[in-house]
Amino acid sequence: MHHLKNDKLKISVQPNGAELCEISSVKHNTQFMWDANPEIWGSFAPNLFPIIGGLKHNSFLYDGKSYSLPKHGLIRNSDAIKLTKQTQNSLIFSFNYNKKLLEQYPFKFEFELTFTLIDNTIEVSHQIKNVGTKPLYFSVGGHPAFKCPVFPEECYEDYSLEFEAIEHSVTHLLNPENGLVSNKIKPILQNTNTLPLQHSLFIEDALIFKDLKSRKATLKSNKHGNVVTVHYPDFNYLGIWAKPNGDFICIEPWLGIADAEDTNKILEQKEGILTLNSYKTFTATYIIEIHNQHL
């Protein structure tokens, strides 16, 4: 396990998949992250690259060939991502292509993931380098799960998500049989910036937003005020998810999305896919803020 600590927060990152697995108050020992109960959902904060969600038939087409990738890509649950540098306030992990990976994902890349602890925030920064001679097609994102409720004598329904802007948006529904994005939508945020939390929200799986104006979302307790804010200025999609029986909430900044049911599976034409030219570098960061009144 890898740790960082300052006078406010302690964070831990597990070697497997470089998952952020602890955010806690130094003074009060309050835990802000989900405990990854394996009977409900055994993850903390998977790192998503080079796809978000699932592919149709778990495969994509590129240059006339079919390649297979698992849901959320290559890094989740991987022991190939390694800590390459640690400073007083940062942990830097690296994950690079190799000959075997080229059989699954035919692009030469260098991936760097940095966790930086600054005051009451954790910056999660992604850097992708295209070290090959052809364009690199990819998606990248996060899947952090926060404890909800956070404090004793609270229930799930005591919480809401508060967005920075008034939103008028729909969720794009997933087909529960295959995990792909259907052509069905459901109104969720109707001229409001508040989403009251209840377990039934997630009976049909994740809420997927494609057009939010907001670039931050706050987990707010009716009794204790703002608890956690996720800032995602670099990310165009947002997923909100929990298991219907899980006391947690995932606030997921995404650059990309699961396959649509009617996809032609051609990677270059996949919705949300990013293109990085040869020998270029791409960066995207989201920030987890723990509000000071709880530290």
Side-chain angles (χ1 to χ4, degrees), residues 1-15 17-36 44-48 81 83-94 111-127 140-152 154 159-165 193-194 212 214-235 238 240 248-255 282-295:
M1 199 71 69
H2 308 291
H3 306 285
L4 293 174
K5 184 178 179 180
N6 62 16
D7 61 347
K8 292 184 177 181
L9 288 173
K10 176 186 175 183
I11 72 168
S12 299
V13 179
Q14 66 177 17
E19 273 193 59
L20 181 65
C21 58
E22 178 191 5
I23 304 174
S24 61
S25 162
V26 169
K27 183 177 180 180
H28 305 295
N29 200 35
T30 305
Q31 305 294 324
F32 297 98
M33 290 209 74
W34 162 245
D35 64 4
F44 299 97
N47 297 297
L48 317 182
I81 185 167
L83 181 72
T84 51
K85 185 178 180 180
Q86 180 166 359
T87 71
Q88 186 175 355
N89 72 331
S90 69
L91 298 166
I92 302 174
F93 295 83
S94 296
F111 179 94
E112 193 171 90
L113 180 67
T114 303
F115 298 92
T116 307
L117 182 60
I118 303 173
D119 194 40
N120 62 325
T121 67
I122 303 103
E123 293 186 359
V124 185
S125 299
H126 311 78
Q127 179 179 277
V140 66
H143 201 313
F146 303 102
K147 190 177 175 183
C148 184
V150 175
F151 304 101
E154 290 184 315
Y159 281 76
S160 60
L161 285 181
E162 187 171 280
F163 297 89
E164 67 173 327
N193 69 338
T194 301
L212 295 180
S214 300
R215 285 298 177 266
K216 64 179 180 181
T218 298
L219 180 63
K220 185 172 185 177
S221 163
N222 294 338
K223 299 178 180 180
H224 296 278
N226 294 347
V227 181
V228 179
T229 296
V230 177
H231 306 255
Y232 51 97
D234 297 338
F235 295 81
L238 189 71
I240 304 294
F248 66 92
I249 185 72
C250 290
I251 305 173
E252 306 177 45
W254 295 341
L255 281 166
F282 175 89
T283 60
T285 298
Y286 69 87
I287 298 169
I288 300 168
E289 174 189 1
I290 308 299
H291 287 260
N292 275 314
Q293 65 264 34
H294 309 299
L295 299 177

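All values reported here derive from a predicted model rather than from experimental measurement. Below, all heavy atoms of this structure are taken into account, side chains as well, without hydrogens, waters or symmetry copies.
The backbone N or O of Phe44 lies less than 3.5 Å from a partner atom in the side chain of Glu19, making a donor-acceptor pair. Looking at Asn120, its side chain does come within 3.5 Å of a backbone N or O of Ile290 through a donor-acceptor pair. With Asn47 contributing its side chain and Gly17 its backbone, the two residues share a donor-acceptor pair below 3.5 Å. Although no hydrogens or angles enter the test, the distance criterion places a donor-acceptor pair under 3.5 Å between the side chain of Ser221 and the main chain of Lys223. When atom types are taken as modelled, the side chain of Glu112 and the backbone of Ile92 share no donor-acceptor pair closer than 3.5 angstrom.
In terms of heavy atoms, Gln14 sits closest to Cys21 at N-SG, 3.7 Å. Heavy-atom minimum distance, Leu212 versus Tyr232: CD1-OH, 4.0 Å. Phe235 and Gly141 get closest at one heavy-atom pair: CE2-CA, 4.1 Å. Contact between Gly142 and Leu48 at its shortest, heavy atoms only, is O-CD1, 3.9 Å. Looking at every heavy atom in both residues, Asp234 comes nearest to Ala284 through OD2-CA, 3.5 Å. Heavy atoms only, all atoms of each residue included: His126 and Leu113 are closest at CD2-CD1, 3.6 Å.
In this structure, the side chains of Asp7 and Val26 stay at 4.5 Å or more apart for every pair of heavy atoms. By the 4.5 Å heavy-atom criterion applied to side chains, Val228 and Val150 are not counted as neighbours. You'll find the side chain of His294 stays beyond 4.5 Å of the side chain of Thr30, heavy atoms only. Between Ile288 and Phe146 the shortest side-chain heavy-atom distance falls below 4.5 Å.
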*Test Tyr286 against Ile251 for side-chain contact (heavy atoms from CB on, under 4.5 Å), laying out the working first.*
CA-CA 11 Å; Tyr286 69 87; Ile251 305 173; over 6 Å; no
_Run Gln127 and Thr114 through side-chain contact (heavy atoms from CB on, under 4.5 Å) and show every step you take._
CA-CA 8 Å; Gln127 179 179 277; Thr114 303; over 6 Å; no
_Worked check of side-chain hydrogen bond (donor to acceptor under 3.5 Å, both in side chains) between Glu22 and Ser12_ = CA-CA 5 Å; Glu22 178 191 5; Ser12 299; 2.7 Å; yes
*Check the pair Phe111, Val140 against side-chain contact (heavy atoms from CB on, under 4.5 Å), reporting the backbone distance first and the verdict last.*
CA-CA 10 Å; Phe111 179 94; Val140 66; 4.1 Å; yes
*Would Asn6 and Leu4 count as a side-chain contact (heavy atoms from CB on, under 4.5 Å) if you check the C-alpha gap in whole Å, the side-chain angles of each, and the deciding distance to 0.1 Å?*
CA-CA 7 Å; Asn6 62 16; Leu4 293 174; over 6 Å; no
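The structure places NE2 of His224 at 6.0 Å from OH of Tyr159, a figure rounded to the nearest 0.5 Å. Atoms CD1 and OG, on Ile287 and Ser125 in that order, are 7.5 Å from each other to the nearest 0.5 Å. Rounding to the nearest 0.5 Å gives a distance of 10.0 Å between CG of Leu91 and OG1 of Thr84. Here the straight-line distance linking atom CD of Glu289 with atom OG1 of Thr229 works out to 5.0 Å at 0.5 Å rounding. Interatomic distance, NZ of Lys10 versus CG of Leu117, reported as 12.0 Å (0.5 Å rounding). From Lys5, atom NZ reaches atom CD1 of Ile11 across 13.0 Å, with rounding to the nearest 0.5 Å.
Checked options Glu164, His291, His231; the residue passing with Thr218 is His291 (criterion: side chain to side chain contact (heavy atoms under 4.5 Å, CB included)). Checked options Asn226, Leu161, Val230; the residue passing with Leu219 is Leu161 (criterion: side chain to side chain contact (heavy atoms under 4.5 Å, CB included)).
The environment of Gln293 atom CD is dense: over 12 non-hydrogen atoms of other residues, nucleotides or ligands sit within 6.0 angstrom.
Look at Lys8 and Asp119 and you find a salt bridge, because one of the NZ, NE, NH1 or NH2 atoms lies within 4.0 Å of a carboxylate O, short of that distance.
A perpendicular orientation is assigned to the rings of Phe115 and Phe93, their planes being inclined by more than 60° (bins at 30° and 60°).
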